[in-house]
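Right, one structure below, let's go through it.
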Amino acid sequence: MRALKYKPGLLIMVLLMVFGIIAAVGMIGCNPPLESSQFMPGVEIGGIPVQGMNPPQAVLAVEKGINSIYTQEVTFFKDDQEITFKLGDLCQKPDTEAVVNSAWEEERGRSWQEKIARLNRQEKVSYPLTIPYDEAKKNLAVGEWNAKWGVQPKNASLEVDNHRGLVVVAGQDGYQVDVMATFAPLPQQLGLIGNKRVPIIFQVKKPFVTEDQLQNMGELASYSTAYNTGEINRSHNLALAASKINKFLVSPGTVFSTNAAVGERSVANGFRDAKITVGDKFEQGLGGGVCQVSSTLYNACLLAGMEIVERGNHNLAVAYVPLGLDATVAWGSQDFRFRNVTTSPLYIRSIALNGKLTVNIYGDLQFKRHIELSYVVDETIPYITETQRDATLAPGTQKTDHGGQPGYRVRS
């Protein structure tokens, strides 16, 4: 058997490797002994040192640091007025356990060579902890600032002048809180110091409808109906509902709702008792007369070529529009809705004066169409007379509760 021969260079290399390992072990021994369940020296989470801690201990340390930072005050100011919050009033609690566990798993995945190199260079390893701001709390503060200092933009609109005709009224710029710019100076990560005094920054908000969009506006359609001014309450309700939709701008592609525009028919909203249709009878009820407004608007929309989204007819024929061309509304159950199918805003003008209700629809004249309305009565349904006993009447006497009215099957 042949004896092994050692080359001097190879022997020196092996010795150097052994000495290097011994030196590395010696360096580890110079540091405080670490258990495998502890973070290495130099590890920070959100700027908070966690070396020598196991994960549960690190969670407590990080939470303590968060609580300390969240008690710090930040002052927002506008001119000479200030509003002070604790930072925690605007934030949510971060999931510290998840952040610590993520850091722990990353540390465990490091090789022993990397750990030895870090110890030798005394490096710090910092894991960021993002501060989660509560959007609902921020929006609440922004809403209060906008209500106090903001100005809503005012859309350009149309007016009808007796001498000049259709006149474009200029819009106005508004001012609202710039949320991103205002909150940008606040700390975004734990351990990073943000500004203690933060200006509330406003940005210009342009009107949605501009003068340029209304330059080519003209009348797309008009429809009028008559009402009896002697019916005081009904005339009041009709004029009130007409005023609610007057000067209404309907943006391109959006749906107009009569109920949303007019609001609930209640005493608090100014409506009175007047004759309404309930089933197959006329009765007194709040808001009688509003259906004439919705029916007049419906016919104007048909003539303007709008898309009818929701429309229902009365159970009884009404006198103010032709058969089959009415549109009933009832708060909470029945609505008249249409969609603006043009690419420009629509402007509704609704005026009730001296027994005449007129609804005009203005829009870009390129969308003006020639439309005629007609109806065909397919069947007339005669009414029947019903006689009922009434114990409150004297024997042999009769009283008419309400007159009969024929029904119709109509195509319009």
For [X], check salt bridge (charged side-chain N to carboxylate O under 4.0 Å, His left out) against everything at least two apart and list the hits.
X: R411; answer: D378
X: E211; answer: none
X: E44; answer: K124
X: K356; answer: none

*Not counting sequence neighbours, list each pair that qualifies as a ring-ring contact (aromatic ring centres under 6.0 Å, His included) and has a residue in residues 76-102.*
F76-F85, F76-W145, F76-F183

Pairs under 3.5 angstrom only: tabulate donor-acceptor contacts from the side chains of residues 320-331 to other protein residues two or more places apart or in another chain.
residue : atom : partner : partner atom : Å
D326    : OD1  : R311    : NH2          : 3.4
D326    : OD2  : H314    : N            : 2.8
D326    : OD2  : H314    : ND1          : 2.7

Please give me the minimum heavy-atom distance between [X] and [Y], naming the atom from each residue.
X: S257; Y: A260; answer: OG-N, 3.1 Å
X: C301; Y: I308; answer: CB-CD1, 4.1 Å
X: N259; Y: G332; answer: ND2-N, 4.4 Å
X: L346; Y: G363; answer: CD2-CA, 4.1 Å
X: L220; Y: L365; answer: CD2-CA, 4.4 Å

*Sequence neighbours excluded, which residues qualify as side chain to side chain donor-acceptor pair (under 3.5 Å) partners of S126?*
none

*Of all residues at least two apart in sequence or in a different chain, which pass the side chain to side chain donor-acceptor pair (under 3.5 Å) check with T296?*
T225

Just wondering, more than 12 heavy atoms not from [X] lying within 6.0 Å of its [atom1]?
X: K205; atom1: NZ; answer: no
X: D390; atom1: CG; answer: yes
X: E97; atom1: CD; answer: no

How would you list, by chain and number, every residue that makes a ring pair (Phe, Tyr, Trp, His ring centres under 6.0 Å) with [X], sequence neighbours excluded?
X: F336; value: Y298
X: F271; value: none
X: Y347; value: none
X: Y127; value: none

Is there side-chain contact between [X] and [Y], with at least one heavy-atom pair below 4.5 Å?
X: F367; Y: T343; answer: yes
X: E219; Y: R349; answer: no
X: V100; Y: V62; answer: yes
X: V43; Y: V50; answer: yes
X: F39; Y: Q57; answer: no
X: I200; Y: W149; answer: yes

Using modelled atom types only, decide if a donor and an acceptor are shared between the side chain of [X] and the backbone of [Y] within a distance under 3.5 Å.
X: N340; Y: S344; value: yes
X: T254; Y: V250; value: no
X: S235; Y: G230; value: no
X: Q188; Y: I131; value: no
X: S102; Y: A98; value: no
X: Q213; Y: T210; value: yes
X: N237; Y: G289; value: no
X: E310; Y: D335; value: yes
X: N146; Y: Q176; value: no
X: N269; Y: R265; value: no

*Decide side-chain hydrogen bond (donor to acceptor under 3.5 Å, both in side chains) for E63 and T96; before the verdict, give the C-alpha distance in whole Å, the side-chain angles of both, and the deciding distance to 0.1 Å.*
CA-CA 7 Å; E63 287 182 346; T96 52; 2.9 Å; yes

